Number of protein chains: 2
Amino acid sequence: MTDRPYHHGNVRRAALTAAIEAIEQGGPAALSLRDVARRAGVSHAAFTPHFGSKAGLLTALAAEGFDLLADAVTAVGDDLVEAGVAYVRFAVGHPAHFEVMFQPSLHNADDAQLLAAQDRAGQALTTALSASAGETTELAAWSIVHGFANLWLSGALPTGLDDDPGSAVRPVLRLLSFTQ
Amino acid sequence: MTDRPYHHGNVRRAALTAAIEAIEQGGPAALSLRDVARRAGVSHAAFTPHFGSKAGLLTALAAEGFDLLADAVTAVGDDLVEAGVAYVRFAVGHPAHFEVMFQPSLHNADDAQLLAAQDRAGQALTTALSASAGETTELAAWSIVHGFANLWLSGALPTGLDDDPGSAVRPVLRLLSFTQ
DNA sequence: TGCGGAACTTACCATTGGCAAGATAACATC
DNA sequence: GATGTTATCTTGCCAATGGTAAGTTCCGCA
């Protein structure tokens, strides 16, 4: 019937991309496997060999997110403020990943890839933050950027910061520079 | 058949309580109206007159959460640190409310009760924080407690803080005391 | 006492996630 | 190049879900 080949060849990437699109439109709770399948142009059962289940798909998405976050934080070096800015920019630039990453109820918690990616991201953050701060300041910085990103994504922050949340968080993080 | 009266009399409260229980066990995404109905001892269609839809139920839960948060923050007075501690204690003590409150994709965004409760909570926070801080510090404090609460709820924070996250956030917030 | 309307149930519908069985094609081995 | 093996993908099915419509119960008020 269709000219589409029986074997898609890259269902995994197509599924992740389609899921990102769907989550950006309706949030993770409203995500439907069949909707993702329609967007990707495959049947809803095509995901089984690749992800096992819906939780498996979201777990893979979370793992990809932690990897991207690790890359982003590592790229800016050991500056606490700029690492924080990178954290917020990642969250705002990849809202679907970010939302899924920190909702453990959506994951297969024991997934090896996810655990490895979480560890990579944790190492990257610890390295960047601990270079210029003590333990308490490190926790403060992480909480600030994580809270700021969450509040921004949920629309709770006053408008006006909306233009560039990455820059908007910089003066907030600078408060911590004086505390060392 | 059953001795249960045809009219429950308090479906609204029973539904909210049952939903809280279910969300604490499986997260908001896995919440099922029919499961909530079974827990509350009514049919799944009994919610329609009270909430309209699943989104309506979650909207009511979010509104209740913002009201409780406003109460909690107001109760501790105008101290930035103690208001922050109250914020975290609320989040940890009412995880189901907290998770639903900040996921707008679960809500009817134009609900009057929700908007009013959000405003109450916003006023309470602004009052408590602005008393002892400038605008940037205020944003830092909100981000810290919100981020800390989210990270704690998602299990991302190192173990050891688990005993009493309310107290654990206090030294973190004190960092901001020196910045004014 | 009777009656209007809200609360609640039952019955039904389209949609969902997951599984089993079958179809297709990529790949290895000869 | 032919053949067998295996992973990929589809179709068909199932129980469960959210929502709606129609019917039942019963509260409140005249």
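All chains are named by letter (A, B, ...) in the order of the sequence lines, taking the proteins before the strands, and each is independently numbered beginning at 1. What you see below is based on every heavy atom in this structure, not just the backbone, and it leaves out hydrogens, waters and symmetry mates. Computed from a prediction, not measured in an experiment: that's the story for all the values here.
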| query | Of the candidate nucleotides D/dT10, C/dT9, C/dG17, which contains the atom at the shortest distance from the side chain of A/S43? | reply | D/dT10
| query | Are OP1 or OP2 of C/dA6 and a side-chain N or O of B/R12 less than 4.0 angstrom apart? | reply | no
| request: Scan A/T48 against the nucleic acid and name what it touches under 4.0 Å (heavy atoms): base, sugar-phosphate only, or nothing. | output: nothing
| query | Want to settle it: does B/D35 or A/V42 sit nearer the 5' end of DNA chain D, counting the closest nucleotide to each? | reply | A/V42
| task | Take B/Q123 and B/D119, measure what side chain to side chain contact (heavy atoms under 4.5 Å, CB included) needs, and give me the verdict at the end. | result | CA-CA 6 Å; B/Q123 296 285 345; B/D119 196 57; 4.0 Å; yes
| Interatomic distance where CG belongs to B/L33 and C1' belongs to C/dC8 [whole Å] | 15 Å
| said: Looking at D/dC9, I'd like to know if its phosphate oxygens (OP1 or OP2) sit under 4.0 Å from a side-chain N or O belonging to A/H50. | reply: yes
| remark: Nearest-nucleotide check on DNA chain C, B/N10 vs B/R34; residue mapping nearer the 5' end is B/N10
| note | Between A/R38 and A/A45, whichever has its closest DNA chain C nucleotide further toward 5' is A/R38
| note | Rounded to whole Å, the CZ-P distance (A/F47 to D/dC9) equals 10 Å
| field | Spacing of B/K54 atom NZ relative to C/dT15 atom P, expressed in whole Å | value | 17 Å
| Within less than 4.0 Å of OP1 or OP2 of C/dG17, is there a side-chain N or O belonging to A/S32? | yes
| task | Determine, for B/R12 against B/E64, whether the closest basic-nitrogen to carboxylate-oxygen distance falls under 4.0 angstrom. | result | no
| said: Would you say A/D35 and A/S32 are linked by a side-chain donor-acceptor pair, where the criterion is simply a distance under 3.5 Å? | reply: no
| Base C/dG17 paired with A/H44 side chain (donor-acceptor, <3.5 Å) | no
| field | Flag if over 12 foreign heavy atoms under 6.0 Å of CD, A/E135 | value | no
| Quick one: does B/D79's side chain have a donor or acceptor within less than 3.5 Å of a partner on B/V81's backbone? | yes
| A/L106 CG - C/dG17 C1' separation (whole Å) | 15 Å
| said: Under 4.0 Å, heavy atoms only, any strand: does A/L31 hit a base, just the sugar-phosphate, or nothing? | reply: sugar-phosphate
